[in-house]
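Any value given below was found using the heavy atoms of this structure, including those in side chains, with hydrogens, waters and symmetry copies removed. Each chain gets a letter, A, B and so on, in the order the sequences are listed, and its residues count up from 1.
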Number of protein chains: 2
Amino acid sequence: MTQAAEISTAPPPRHDEILIAIREMIFTGELIGGQRVPEKMICQQLSISRTPLREALKVLASEGLLELLPNRGARIARLTASLVDEMFPVMGALEGLAGKIACQRISDDGIDEIRALHYQMAAHYKRGELGEYFGLNQQIHEKIIAATGNATLAGMYTSLAARIRMARYRANFSQPRWDQAMAEHDEILSALTERDGPRLTGVLSKHLKNTCETVKAVIAGGETG
Amino acid sequence: MTQAAEISTAPPPRHDEILIAIREMIFTGELIGGQRVPEKMICQQLSISRTPLREALKVLASEGLLELLPNRGARIARLTASLVDEMFPVMGALEGLAGKIACQRISDDGIDEIRALHYQMAAHYKRGELGEYFGLNQQIHEKIIAATGNATLAGMYTSLAARIRMARYRANFSQPRWDQAMAEHDEILSALTERDGPRLTGVLSKHLKNTCETVKAVIAGGETG
DNA sequence: GCATTGATTTTTGCATTCAAAATGCTACCG
DNA sequence: CGGTAGCATTTTGAATGCAAAAATCAATGC
(Lines give C-alpha, C1' and ligand atoms only; values in the text may rest on other atoms or scores of the structure.)
Protein backbone atom coordinates (compact mmCIF):
# COMPACT_ATOMS: atom_id res chain seq x y z
CA MET A 1 0.00 0.00 0.00
CA THR A 2 2.40 2.66 -1.18
CA GLN A 3 -0.28 4.88 -2.67
CA ALA A 4 -1.89 7.74 -0.83
CA ALA A 5 -4.82 5.40 -0.18
CA GLU A 6 -8.29 6.88 0.13
CA ILE A 7 -7.36 10.01 2.00
CA SER A 8 -7.82 12.67 -0.61
CA THR A 9 -5.10 15.27 -0.33
CA ALA A 10 -6.06 16.55 -3.77
CA PRO A 11 -7.53 20.03 -4.09
CA PRO A 12 -11.32 19.86 -3.74
CA PRO A 13 -13.30 20.17 -6.99
CA ARG A 14 -14.19 23.78 -7.64
CA HIS A 15 -17.59 22.76 -8.83
CA ASP A 16 -18.64 21.39 -5.44
CA GLU A 17 -17.39 24.43 -3.60
CA ILE A 18 -19.37 26.67 -5.89
CA LEU A 19 -22.48 24.63 -5.20
CA ILE A 20 -21.98 25.03 -1.48
CA ALA A 21 -21.15 28.70 -1.80
CA ILE A 22 -24.29 29.51 -3.75
CA ARG A 23 -26.46 27.45 -1.44
CA GLU A 24 -25.00 29.43 1.42
CA MET A 25 -25.73 32.69 -0.37
CA ILE A 26 -29.34 31.62 -0.69
CA PHE A 27 -29.68 30.58 2.94
CA THR A 28 -28.05 33.68 4.33
CA GLY A 29 -30.38 35.82 2.28
CA GLU A 30 -27.62 37.25 0.13
CA LEU A 31 -29.65 35.96 -2.78
CA ILE A 32 -33.39 36.15 -2.28
CA GLY A 33 -36.35 34.57 -3.97
CA GLY A 34 -37.31 35.84 -7.39
CA GLN A 35 -34.00 37.64 -7.83
CA ARG A 36 -32.09 37.11 -11.05
CA VAL A 37 -28.62 35.62 -10.86
CA PRO A 38 -26.32 37.10 -13.50
CA GLU A 39 -23.52 34.68 -14.16
CA LYS A 40 -20.94 37.40 -14.47
CA MET A 41 -21.67 38.79 -11.03
CA ILE A 42 -21.29 35.44 -9.27
CA CYS A 43 -18.15 34.71 -11.27
CA GLN A 44 -16.47 37.86 -10.09
CA GLN A 45 -17.69 37.36 -6.56
CA LEU A 46 -16.28 33.83 -6.37
CA SER A 47 -13.32 34.45 -8.69
CA ILE A 48 -14.15 31.62 -11.01
CA SER A 49 -15.03 31.31 -14.66
CA ARG A 50 -18.46 30.73 -16.06
CA THR A 51 -17.97 27.07 -16.94
CA PRO A 52 -17.96 25.55 -13.44
CA LEU A 53 -20.53 28.10 -12.33
CA ARG A 54 -22.96 27.03 -15.01
CA GLU A 55 -22.48 23.41 -14.00
CA ALA A 56 -23.42 24.33 -10.46
CA LEU A 57 -26.44 26.32 -11.60
CA LYS A 58 -27.81 23.34 -13.48
CA VAL A 59 -27.52 21.18 -10.38
CA LEU A 60 -29.13 23.79 -8.17
CA ALA A 61 -31.98 24.06 -10.64
CA SER A 62 -32.50 20.30 -10.54
CA GLU A 63 -32.66 20.60 -6.76
CA GLY A 64 -35.38 23.22 -7.07
CA LEU A 65 -33.41 26.01 -5.44
CA LEU A 66 -33.43 28.10 -8.59
CA GLU A 67 -35.09 28.06 -11.96
CA LEU A 68 -33.45 28.32 -15.35
CA LEU A 69 -35.16 30.37 -18.02
CA PRO A 70 -33.78 29.42 -21.45
CA ASN A 71 -31.64 32.21 -22.85
CA ARG A 72 -32.68 34.38 -19.96
CA GLY A 73 -30.54 33.06 -17.16
CA ALA A 74 -31.27 31.86 -13.67
CA ARG A 75 -33.38 33.21 -10.89
CA ILE A 76 -33.71 32.19 -7.29
CA ALA A 77 -36.79 30.04 -6.84
CA ARG A 78 -39.73 31.71 -5.20
CA LEU A 79 -41.55 29.76 -2.56
CA THR A 80 -45.29 29.97 -3.16
CA ALA A 81 -48.00 28.89 -0.76
CA SER A 82 -49.09 26.12 -3.13
CA LEU A 83 -45.51 24.84 -3.29
CA VAL A 84 -45.34 24.79 0.49
CA ASP A 85 -48.60 22.86 0.55
CA GLU A 86 -46.97 20.35 -1.76
CA MET A 87 -43.73 20.07 0.09
CA PHE A 88 -44.87 19.62 3.66
CA PRO A 89 -46.92 16.47 3.11
CA VAL A 90 -43.86 14.97 1.46
CA MET A 91 -41.69 16.09 4.35
CA GLY A 92 -44.25 14.48 6.63
CA ALA A 93 -44.05 11.18 4.80
CA LEU A 94 -40.26 11.21 4.93
CA GLU A 95 -40.02 12.26 8.57
CA GLY A 96 -42.71 9.78 9.50
CA LEU A 97 -40.75 6.97 7.93
CA ALA A 98 -37.61 8.26 9.59
CA GLY A 99 -39.28 8.30 12.98
CA LYS A 100 -40.38 4.71 12.63
CA ILE A 101 -36.99 3.44 11.50
CA ALA A 102 -35.04 5.59 13.93
CA CYS A 103 -36.90 4.14 16.90
CA GLN A 104 -35.87 0.67 15.78
CA ARG A 105 -32.29 1.39 14.90
CA ILE A 106 -30.96 4.25 16.94
CA SER A 107 -28.35 3.33 19.53
CA ASP A 108 -28.64 4.41 23.16
CA ASP A 109 -25.68 6.69 22.56
CA GLY A 110 -27.56 8.18 19.64
CA ILE A 111 -30.50 8.98 21.86
CA ASP A 112 -28.14 10.53 24.39
CA GLU A 113 -26.66 12.75 21.72
CA ILE A 114 -30.09 13.96 20.70
CA ARG A 115 -31.00 14.49 24.34
CA ALA A 116 -27.90 16.65 24.78
CA LEU A 117 -28.83 18.71 21.75
CA HIS A 118 -32.38 18.97 23.03
CA TYR A 119 -31.33 20.43 26.38
CA GLN A 120 -28.93 22.81 24.73
CA MET A 121 -31.79 23.93 22.53
CA ALA A 122 -34.08 24.29 25.54
CA ALA A 123 -31.49 26.55 27.18
CA HIS A 124 -31.40 28.82 24.14
CA TYR A 125 -35.19 28.81 24.12
CA LYS A 126 -35.30 30.02 27.71
CA ARG A 127 -32.80 32.77 26.92
CA GLY A 128 -34.77 33.81 23.86
CA GLU A 129 -31.86 33.10 21.50
CA LEU A 130 -33.75 32.37 18.31
CA GLY A 131 -30.80 31.86 15.96
CA GLU A 132 -29.08 29.35 18.22
CA TYR A 133 -32.40 27.63 18.82
CA PHE A 134 -32.94 27.13 15.11
CA GLY A 135 -29.46 25.76 14.62
CA LEU A 136 -29.96 23.12 17.29
CA ASN A 137 -33.47 22.40 16.05
CA GLN A 138 -32.10 21.63 12.61
CA GLN A 139 -29.39 19.43 14.08
CA ILE A 140 -31.93 17.39 16.04
CA HIS A 141 -34.08 16.71 13.02
CA GLU A 142 -31.02 15.79 11.01
CA LYS A 143 -29.84 13.43 13.75
CA ILE A 144 -33.16 11.61 13.69
CA ILE A 145 -32.95 11.24 9.95
CA ALA A 146 -29.32 10.16 10.16
CA ALA A 147 -30.20 7.58 12.81
CA THR A 148 -32.11 5.65 10.16
CA GLY A 149 -28.84 4.93 8.40
CA ASN A 150 -30.71 5.56 5.16
CA ALA A 151 -28.67 7.91 2.98
CA THR A 152 -31.33 8.05 0.27
CA LEU A 153 -33.93 9.16 2.77
CA ALA A 154 -31.51 11.66 4.28
CA GLY A 155 -30.66 13.12 0.91
CA MET A 156 -34.27 13.68 -0.05
CA TYR A 157 -35.09 15.15 3.32
CA THR A 158 -32.15 17.52 3.20
CA SER A 159 -33.09 18.66 -0.27
CA LEU A 160 -36.65 19.46 0.75
CA ALA A 161 -35.52 21.12 3.98
CA ALA A 162 -33.18 23.32 1.97
CA ARG A 163 -36.01 24.59 -0.18
CA ILE A 164 -38.06 25.40 2.89
CA ARG A 165 -35.15 27.18 4.52
CA MET A 166 -35.34 29.68 1.70
CA ALA A 167 -38.42 31.12 3.36
CA ARG A 168 -36.45 32.41 6.35
CA TYR A 169 -39.63 31.81 8.30
CA ARG A 170 -37.93 32.29 11.63
CA ALA A 171 -38.60 35.96 11.08
CA ASN A 172 -42.26 35.18 11.76
CA PHE A 173 -41.71 32.92 14.76
CA SER A 174 -43.99 34.29 17.44
CA GLN A 175 -43.54 33.52 21.13
CA PRO A 176 -46.71 31.38 21.33
CA ARG A 177 -45.60 29.40 18.32
CA TRP A 178 -42.17 29.06 19.86
CA ASP A 179 -43.61 27.79 23.12
CA GLN A 180 -45.64 25.28 21.20
CA ALA A 181 -42.70 24.13 19.10
CA MET A 182 -40.60 23.63 22.21
CA ALA A 183 -43.38 21.57 23.81
CA GLU A 184 -43.56 19.46 20.68
CA HIS A 185 -39.84 18.87 20.92
CA ASP A 186 -40.25 17.65 24.48
CA GLU A 187 -42.66 15.11 23.10
CA ILE A 188 -40.31 14.17 20.31
CA LEU A 189 -37.53 13.43 22.77
CA SER A 190 -39.90 11.49 24.98
CA ALA A 191 -41.22 9.32 22.14
CA LEU A 192 -37.68 8.68 20.93
CA THR A 193 -36.49 7.74 24.42
CA GLU A 194 -39.32 5.23 24.69
CA ARG A 195 -38.58 4.10 21.15
CA ASP A 196 -42.27 4.50 20.41
CA GLY A 197 -42.24 4.68 16.63
CA PRO A 198 -45.91 5.42 15.97
CA ARG A 199 -45.96 8.13 18.61
CA LEU A 200 -42.77 9.72 17.30
CA THR A 201 -44.20 9.70 13.79
CA GLY A 202 -47.38 11.33 15.06
CA VAL A 203 -45.56 14.04 16.99
CA LEU A 204 -43.24 14.81 14.10
CA SER A 205 -46.28 15.12 11.86
CA LYS A 206 -47.98 17.56 14.23
CA HIS A 207 -44.76 19.54 14.60
CA LEU A 208 -44.43 19.74 10.86
CA LYS A 209 -48.01 20.90 10.33
CA ASN A 210 -47.42 23.79 12.67
CA THR A 211 -44.19 24.70 10.95
CA CYS A 212 -46.03 24.60 7.65
CA GLU A 213 -48.56 27.14 8.88
CA THR A 214 -45.80 29.43 10.08
CA VAL A 215 -44.02 29.25 6.76
CA LYS A 216 -47.18 29.97 4.85
CA ALA A 217 -47.91 32.92 7.10
CA VAL A 218 -44.52 34.36 6.20
CA ILE A 219 -45.17 33.89 2.50
CA ALA A 220 -48.62 35.38 2.72
CA GLY A 221 -47.04 38.37 4.44
CA GLY A 222 -45.14 39.14 1.27
CA GLU A 223 -41.77 38.00 2.55
CA THR A 224 -41.05 35.28 0.04
CA GLY A 225 -37.29 35.27 0.74
CA MET B 1 -49.38 41.08 -27.59
CA THR B 2 -47.25 41.09 -30.70
CA GLN B 3 -44.64 38.78 -29.26
CA ALA B 4 -44.61 35.05 -29.78
CA ALA B 5 -46.21 34.77 -26.34
CA GLU B 6 -45.50 31.67 -24.31
CA ILE B 7 -45.41 29.20 -27.17
CA SER B 8 -41.76 28.43 -27.42
CA THR B 9 -40.76 28.14 -31.05
CA ALA B 10 -37.15 28.52 -29.98
CA PRO B 11 -34.77 25.59 -30.41
CA PRO B 12 -34.86 23.39 -27.34
CA PRO B 13 -31.90 23.72 -24.96
CA ARG B 14 -29.25 21.19 -25.88
CA HIS B 15 -28.51 20.56 -22.26
CA ASP B 16 -31.96 19.12 -21.55
CA GLU B 17 -31.88 16.90 -24.60
CA ILE B 18 -28.54 15.51 -23.54
CA LEU B 19 -29.95 14.74 -20.12
CA ILE B 20 -32.82 12.84 -21.67
CA ALA B 21 -30.57 11.08 -24.14
CA ILE B 22 -28.20 9.81 -21.48
CA ARG B 23 -31.03 8.74 -19.21
CA GLU B 24 -32.41 6.79 -22.14
CA MET B 25 -29.02 5.20 -22.76
CA ILE B 26 -29.01 4.03 -19.16
CA PHE B 27 -32.55 2.66 -19.25
CA THR B 28 -32.08 0.83 -22.51
CA GLY B 29 -28.98 -0.81 -21.16
CA GLU B 30 -26.68 0.91 -23.63
CA LEU B 31 -24.81 2.10 -20.55
CA ILE B 32 -24.74 -0.38 -17.70
CA GLY B 33 -23.94 -0.14 -14.02
CA GLY B 34 -20.33 0.27 -13.04
CA GLN B 35 -19.30 1.16 -16.57
CA ARG B 36 -17.14 4.23 -17.08
CA VAL B 37 -18.48 7.04 -19.23
CA PRO B 38 -15.71 8.74 -21.22
CA GLU B 39 -16.82 12.22 -22.15
CA LYS B 40 -15.29 12.03 -25.58
CA MET B 41 -17.26 8.95 -26.54
CA ILE B 42 -20.63 10.42 -25.58
CA CYS B 43 -19.71 13.69 -27.30
CA GLN B 44 -19.07 11.95 -30.60
CA GLN B 45 -22.14 9.79 -30.21
CA LEU B 46 -24.42 12.77 -29.62
CA SER B 47 -22.46 15.22 -31.80
CA ILE B 48 -22.07 17.81 -29.10
CA SER B 49 -19.17 19.40 -27.32
CA ARG B 50 -17.99 18.57 -23.86
CA THR B 51 -19.36 21.68 -22.17
CA PRO B 52 -23.10 20.89 -22.25
CA LEU B 53 -22.33 17.22 -21.71
CA ARG B 54 -20.48 17.94 -18.52
CA GLU B 55 -23.39 20.05 -17.28
CA ALA B 56 -25.70 17.10 -17.88
CA LEU B 57 -23.34 14.69 -16.13
CA LYS B 58 -23.34 16.84 -13.01
CA VAL B 59 -27.13 16.82 -12.92
CA LEU B 60 -27.32 13.08 -13.47
CA ALA B 61 -24.86 12.59 -10.65
CA SER B 62 -27.00 14.69 -8.34
CA GLU B 63 -29.92 12.46 -9.29
CA GLY B 64 -27.93 9.39 -8.29
CA LEU B 65 -27.89 7.84 -11.76
CA LEU B 66 -24.13 8.09 -12.00
CA GLU B 67 -21.24 8.92 -9.77
CA LEU B 68 -18.47 11.42 -10.41
CA LEU B 69 -14.95 10.53 -9.36
CA PRO B 70 -12.82 13.69 -9.17
CA ASN B 71 -10.32 13.78 -12.01
CA ARG B 72 -11.38 10.30 -12.96
CA GLY B 73 -14.61 10.88 -14.78
CA ALA B 74 -18.08 9.46 -14.42
CA ARG B 75 -19.36 5.96 -14.07
CA ILE B 76 -22.85 4.58 -14.17
CA ALA B 77 -24.12 4.04 -10.65
CA ARG B 78 -24.24 0.47 -9.49
CA LEU B 79 -27.34 -0.63 -7.66
CA THR B 80 -26.37 -2.58 -4.55
CA ALA B 81 -28.69 -4.62 -2.37
CA SER B 82 -28.20 -2.22 0.52
CA LEU B 83 -29.13 0.70 -1.73
CA VAL B 84 -32.28 -1.10 -2.80
CA ASP B 85 -33.11 -1.70 0.85
CA GLU B 86 -32.76 2.03 1.37
CA MET B 87 -34.75 3.09 -1.63
CA PHE B 88 -37.83 0.91 -1.35
CA PRO B 89 -38.95 2.10 2.07
CA VAL B 90 -38.73 5.64 0.76
CA MET B 91 -40.67 4.65 -2.33
CA GLY B 92 -43.22 3.11 -0.01
CA ALA B 93 -43.59 6.30 1.99
CA LEU B 94 -44.04 8.34 -1.18
CA GLU B 95 -46.46 5.94 -2.83
CA GLY B 96 -48.36 5.58 0.41
CA LEU B 97 -48.82 9.30 0.62
CA ALA B 98 -49.77 9.39 -3.03
CA GLY B 99 -52.38 6.70 -2.55
CA LYS B 100 -53.98 8.60 0.28
CA ILE B 101 -54.09 11.91 -1.58
CA ALA B 102 -55.07 10.37 -4.89
CA CYS B 103 -58.16 8.76 -3.38
CA GLN B 104 -59.27 12.16 -2.19
CA ARG B 105 -58.47 14.17 -5.27
CA ILE B 106 -58.66 11.99 -8.34
CA SER B 107 -61.55 12.73 -10.69
CA ASP B 108 -63.89 10.04 -11.92
CA ASP B 109 -62.40 10.52 -15.36
CA GLY B 110 -58.99 9.99 -13.82
CA ILE B 111 -60.10 6.67 -12.38
CA ASP B 112 -61.53 5.71 -15.75
CA GLU B 113 -58.22 6.42 -17.42
CA ILE B 114 -56.38 4.25 -14.95
CA ARG B 115 -58.99 1.54 -15.40
CA ALA B 116 -58.45 1.64 -19.15
CA LEU B 117 -54.69 1.32 -18.66
CA HIS B 118 -55.29 -1.51 -16.22
CA TYR B 119 -57.32 -3.58 -18.67
CA GLN B 120 -54.84 -2.93 -21.44
CA MET B 121 -52.15 -4.16 -19.10
CA ALA B 122 -54.20 -7.20 -18.18
CA ALA B 123 -54.54 -8.06 -21.85
CA HIS B 124 -50.77 -7.93 -22.32
CA TYR B 125 -50.39 -10.05 -19.20
CA LYS B 126 -52.66 -12.73 -20.64
CA ARG B 127 -50.71 -12.70 -23.87
CA GLY B 128 -47.42 -12.94 -22.02
CA GLU B 129 -46.15 -9.64 -23.45
CA LEU B 130 -43.77 -8.60 -20.72
CA GLY B 131 -42.39 -5.43 -22.29
CA GLU B 132 -45.82 -3.98 -22.99
CA TYR B 133 -46.98 -5.02 -19.54
CA PHE B 134 -44.16 -3.11 -17.90
CA GLY B 135 -44.83 -0.01 -19.94
CA LEU B 136 -48.48 0.07 -18.86
CA ASN B 137 -47.53 -0.80 -15.29
CA GLN B 138 -45.26 2.21 -15.16
CA GLN B 139 -47.96 4.43 -16.63
CA ILE B 140 -50.48 3.33 -14.01
CA HIS B 141 -48.17 4.10 -11.13
CA GLU B 142 -47.31 7.44 -12.67
CA LYS B 143 -50.99 8.25 -13.12
CA ILE B 144 -51.67 7.59 -9.46
CA ILE B 145 -48.82 9.87 -8.48
CA ALA B 146 -49.94 12.51 -10.96
CA ALA B 147 -53.48 12.35 -9.61
CA THR B 148 -52.22 13.89 -6.38
CA GLY B 149 -51.49 17.09 -8.25
CA ASN B 150 -48.29 17.27 -6.21
CA ALA B 151 -45.35 17.99 -8.53
CA THR B 152 -42.81 17.79 -5.72
CA LEU B 153 -44.01 14.33 -4.80
CA ALA B 154 -44.08 13.28 -8.43
CA GLY B 155 -40.55 14.53 -9.02
CA MET B 156 -39.11 12.63 -6.10
CA TYR B 157 -41.00 9.49 -7.03
CA THR B 158 -39.83 9.66 -10.63
CA SER B 159 -36.25 10.16 -9.55
CA LEU B 160 -36.32 7.12 -7.31
CA ALA B 161 -38.15 5.03 -9.88
CA ALA B 162 -35.49 5.91 -12.43
CA ARG B 163 -32.74 4.61 -10.20
CA ILE B 164 -34.60 1.35 -9.70
CA ARG B 165 -35.24 1.00 -13.41
CA MET B 166 -31.49 0.71 -13.81
CA ALA B 167 -31.74 -2.81 -12.45
CA ARG B 168 -33.69 -4.06 -15.46
CA TYR B 169 -35.32 -6.47 -13.06
CA ARG B 170 -37.96 -7.53 -15.54
CA ALA B 171 -35.35 -10.02 -16.70
CA ASN B 172 -35.99 -11.90 -13.48
CA PHE B 173 -39.78 -11.63 -13.53
CA SER B 174 -41.01 -15.19 -13.04
CA GLN B 175 -44.51 -16.31 -13.97
CA PRO B 176 -45.59 -16.80 -10.31
CA ARG B 177 -44.32 -13.33 -9.47
CA TRP B 178 -46.11 -11.96 -12.50
CA ASP B 179 -49.36 -13.62 -11.49
CA GLN B 180 -49.01 -12.14 -8.05
CA ALA B 181 -48.22 -8.67 -9.36
CA MET B 182 -51.24 -8.75 -11.62
CA ALA B 183 -53.44 -9.78 -8.69
CA GLU B 184 -52.04 -6.90 -6.67
CA HIS B 185 -52.90 -4.55 -9.50
CA ASP B 186 -56.48 -5.80 -9.43
CA GLU B 187 -56.55 -4.81 -5.79
CA ILE B 188 -55.00 -1.43 -6.56
CA LEU B 189 -57.70 -0.66 -9.08
CA SER B 190 -60.37 -1.85 -6.70
CA ALA B 191 -59.15 0.29 -3.81
CA LEU B 192 -58.84 3.29 -6.07
CA THR B 193 -62.34 2.81 -7.46
CA GLU B 194 -63.71 2.73 -3.94
CA ARG B 195 -61.50 5.67 -3.06
CA ASP B 196 -60.32 3.72 -0.04
CA GLY B 197 -57.11 5.53 0.81
CA PRO B 198 -55.81 3.32 3.62
CA ARG B 199 -56.47 0.19 1.60
CA LEU B 200 -54.78 1.60 -1.48
CA THR B 201 -51.79 2.60 0.58
CA GLY B 202 -51.61 -0.90 2.03
CA VAL B 203 -51.85 -2.63 -1.33
CA LEU B 204 -49.26 -0.35 -2.89
CA SER B 205 -46.95 -1.12 0.01
CA LYS B 206 -47.38 -4.86 -0.43
CA HIS B 207 -46.89 -4.55 -4.18
CA LEU B 208 -43.71 -2.60 -3.59
CA LYS B 209 -42.30 -5.09 -1.11
CA ASN B 210 -42.65 -7.84 -3.67
CA THR B 211 -41.03 -5.72 -6.34
CA CYS B 212 -38.20 -5.02 -3.94
CA GLU B 213 -37.55 -8.71 -3.47
CA THR B 214 -37.52 -9.27 -7.22
CA VAL B 215 -35.04 -6.45 -7.74
CA LYS B 216 -32.78 -7.74 -5.01
CA ALA B 217 -32.91 -11.22 -6.49
CA VAL B 218 -31.68 -9.79 -9.78
CA ILE B 219 -28.85 -7.95 -8.07
CA ALA B 220 -27.86 -10.98 -6.02
CA GLY B 221 -27.72 -12.93 -9.27
CA GLY B 222 -24.87 -10.74 -10.42
CA GLU B 223 -26.90 -8.77 -12.94
CA THR B 224 -26.44 -5.30 -11.53
CA GLY B 225 -27.44 -3.55 -14.74
C1' DG C 1 10.85 -13.33 -15.32
C1' DC C 2 8.70 -9.79 -12.48
C1' DA C 3 8.23 -5.52 -10.33
C1' DT C 4 9.09 -0.68 -10.28
C1' DT C 5 10.05 3.72 -12.29
C1' DG C 6 9.81 7.20 -15.78
C1' DA C 7 8.10 9.12 -20.04
C1' DT C 8 4.13 9.34 -23.23
C1' DT C 9 -0.60 9.51 -24.10
C1' DT C 10 -5.12 10.19 -22.78
C1' DT C 11 -8.66 12.33 -20.05
C1' DT C 12 -10.41 15.57 -17.06
C1' DG C 13 -11.08 20.50 -15.14
C1' DC C 14 -11.38 25.06 -16.16
C1' DA C 15 -10.66 29.46 -18.77
C1' DT C 16 -11.32 31.67 -22.89
C1' DT C 17 -13.54 32.59 -27.17
C1' DC C 18 -17.20 32.82 -30.54
C1' DA C 19 -22.05 32.95 -31.90
C1' DA C 20 -26.88 33.70 -30.95
C1' DA C 21 -30.51 35.48 -28.25
C1' DA C 22 -32.30 39.03 -25.34
C1' DT C 23 -32.17 43.65 -23.45
C1' DG C 24 -31.80 48.58 -23.67
C1' DC C 25 -31.38 52.73 -26.11
C1' DT C 26 -32.00 56.07 -29.76
C1' DA C 27 -34.03 57.93 -33.57
C1' DC C 28 -37.78 58.27 -36.42
C1' DC C 29 -42.67 58.34 -37.55
C1' DG C 30 -47.52 58.93 -36.67
C1' DC D 1 -46.47 63.21 -27.05
C1' DG D 2 -46.64 58.17 -27.67
C1' DG D 3 -45.17 54.27 -30.12
C1' DT D 4 -42.41 51.51 -33.09
C1' DA D 5 -38.36 50.12 -35.75
C1' DG D 6 -33.57 49.58 -35.88
C1' DC D 7 -29.09 49.37 -33.86
C1' DA D 8 -25.70 48.76 -30.01
C1' DT D 9 -24.81 46.48 -25.79
C1' DT D 10 -25.22 42.91 -22.67
C1' DT D 11 -25.97 38.17 -21.47
C1' DT D 12 -26.50 33.50 -22.35
C1' DG D 13 -25.30 28.95 -24.90
C1' DA D 14 -21.88 26.23 -26.75
C1' DA D 15 -17.14 25.14 -28.81
C1' DT D 16 -12.41 25.41 -28.47
C1' DG D 17 -7.97 25.59 -26.19
C1' DC D 18 -4.81 24.95 -22.46
C1' DA D 19 -2.97 23.07 -18.07
C1' DA D 20 -3.06 19.47 -14.65
C1' DA D 21 -4.11 14.92 -13.23
C1' DA D 22 -4.59 10.06 -14.34
C1' DA D 23 -3.84 6.05 -17.13
C1' DT D 24 -0.93 3.56 -20.30
C1' DC D 25 3.12 1.69 -21.80
C1' DA D 26 8.11 0.91 -22.19
C1' DA D 27 12.44 0.46 -20.31
C1' DT D 28 15.40 -0.56 -16.56
C1' DG D 29 16.96 -2.93 -12.49
C1' DC D 30 16.59 -6.74 -9.47
Side-chain angles (χ1 to χ4, degrees), chain A residues 1-23 25-26 31-32 34-63 65-77, chain B residues 1-23 25-26 31-32 34-63 65-77:
Chain A
M1 185 69 85
T2 54
Q3 281 99 328
E6 310 301 335
I7 303 108
S8 174
T9 50
R14 297 253 183 277
H15 158 263
D16 283 346
E17 300 202 335
I18 296 170
L19 259 174
I20 295 167
I22 298 180
R23 267 196 275 256
M25 289 166 87
I26 292 174
L31 296 171
I32 60 180
Q35 189 173 315
R36 296 215 25 201
V37 185
E39 297 175 359
K40 204 173 171 185
M41 188 185 86
I42 308 290
C43 285
Q44 291 171 346
Q45 206 160 337
L46 300 180
S47 301
I48 42 133
S49 84
R50 283 176 55 220
T51 308
L53 171 69
R54 286 170 59 79
E55 291 172 358
L57 292 181
K58 297 281 191 302
V59 172
L60 289 167
S62 87
E63 290 175 3
L65 288 180
L66 47 83
E67 42 195 311
L68 257 37
L69 313 171
N71 287 318
R72 254 180 277 175
R75 75 171 46 166
I76 308 296
Chain B
M1 185 70 84
T2 55
Q3 282 99 328
E6 311 300 336
I7 302 108
S8 173
T9 51
R14 297 251 183 278
H15 158 261
D16 283 346
E17 301 202 335
I18 297 170
L19 259 174
I20 294 168
I22 298 180
R23 266 196 275 257
M25 289 166 87
I26 293 174
L31 295 171
I32 59 178
Q35 191 173 316
R36 295 213 28 200
V37 185
E39 296 174 0
K40 203 174 174 185
M41 188 185 85
I42 308 290
C43 286
Q44 292 171 347
Q45 205 160 338
L46 300 179
S47 301
I48 43 140
S49 82
R50 284 177 56 218
T51 307
L53 171 69
R54 285 171 59 79
E55 291 172 358
L57 292 182
K58 297 282 192 298
V59 172
L60 289 167
S62 87
E63 290 176 3
L65 288 180
L66 48 83
E67 42 195 313
L68 258 37
L69 313 171
N71 287 318
R72 255 180 277 175
R75 74 170 49 165
I76 308 297

Visitor: Check whether any side-chain heavy atom of A:Val37 sits under 4.5 Å from a side-chain heavy atom of A:Ile76, and report yes or no.
Guide: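 Yes, side chains in contact.
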Visitor: What is the distance, rounded to the nearest whole Å, between atom CG of B:Asp16 and atom P of D:dG13?
Guide: 10 Å
Visitor: What is the separation between atom CZ on A:Arg14 and atom P on C:dT16, rounded to the nearest whole Å?
Guide: 13 Å
Visitor: Looking only at non-hydrogen atoms, find the nearest pair between B:Ser62 and A:Val59 and report the distance.
Guide: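 Heavy atoms of B:Ser62 and A:Val59 come nearest at CB-CG1, 3.9 Å.
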Visitor: From C-beta outward on A:Arg54, which listed nucleotide comes closest to its side chain: D:dG13, C:dA15, C:dC14?
Guide: D:dG13
Visitor: Going by side-chain contact (heavy atoms from CB on, under 4.5 Å), name the residues that satisfy it together with B:Arg72, two or more places apart in sequence or in a different chain.
Guide: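 Scan of B:Arg72 (side-chain contact (heavy atoms from CB on, under 4.5 Å), adjacent residues dropped) gives B:Leu69.
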Visitor: Would you mind reading off the distance between A:Gln44 atom CD and C:dA15 atom P, rounded to a whole angstrom?
Guide: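 In whole Å, C:dA15 P lies 13 Å from A:Gln44 CD.
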Visitor: On DNA chain D, check which nucleotide each of A:Pro38 and B:Pro70 is closest to and give me the residue with the more 5' one.
Guide: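 Going by which nucleotide is closer to the 5' end, it is A:Pro38.
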Visitor: Toward the 5' end of DNA chain D, which comes first, B:Ser47 or A:Ala74, by nearest nucleotide?
Guide: A:Ala74
Visitor: Rounded to whole angstroms, how far apart are CG on B:Leu46 and C1' on D:dA14?
Guide: 15 Å
Visitor: Quickly work out the A:Arg36 CZ to D:dT10 P distance and round it to whole Å.
Guide: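 The answer, rounded to whole Å, is 15 Å.
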Visitor: Check the phosphate of C:dA21 against A:Arg72, side-chain N and O only, distance under 4.0 Å to OP1 or OP2. Yes or no?
Guide: no
Visitor: Are B:Arg54 and A:Thr51 side-chain neighbours, meaning at least one heavy-atom pair lies under 4.5 Å?
Guide: no
Visitor: Please write out the pairs of protein N or O atoms and N or O atoms of nucleotides 16-19 of chain D separated by less than 3.5 Å, giving the distance to one decimal.
Guide:
unit_1	atom_1	unit_2	atom_2	d
D:dT16	O4	B:Thr51	OG1	3.3

Visitor: Which nucleotide in the set D:dA14, C:dT11, D:dA21 lies at the smallest distance from any side-chain heavy atom of B:Asn71?
Guide: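 Taking heavy atoms from C-beta onward, the closest nucleotide is D:dA21.
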Visitor: I need the CD-P distance between A:Glu39 and C:dA22, as an integer number of Å.
Guide: 15 Å
Visitor: In whole Å, I'd like the distance from the CD1 atom of A:Ile48 to the C1' atom of C:dA15.
Guide: 11 Å
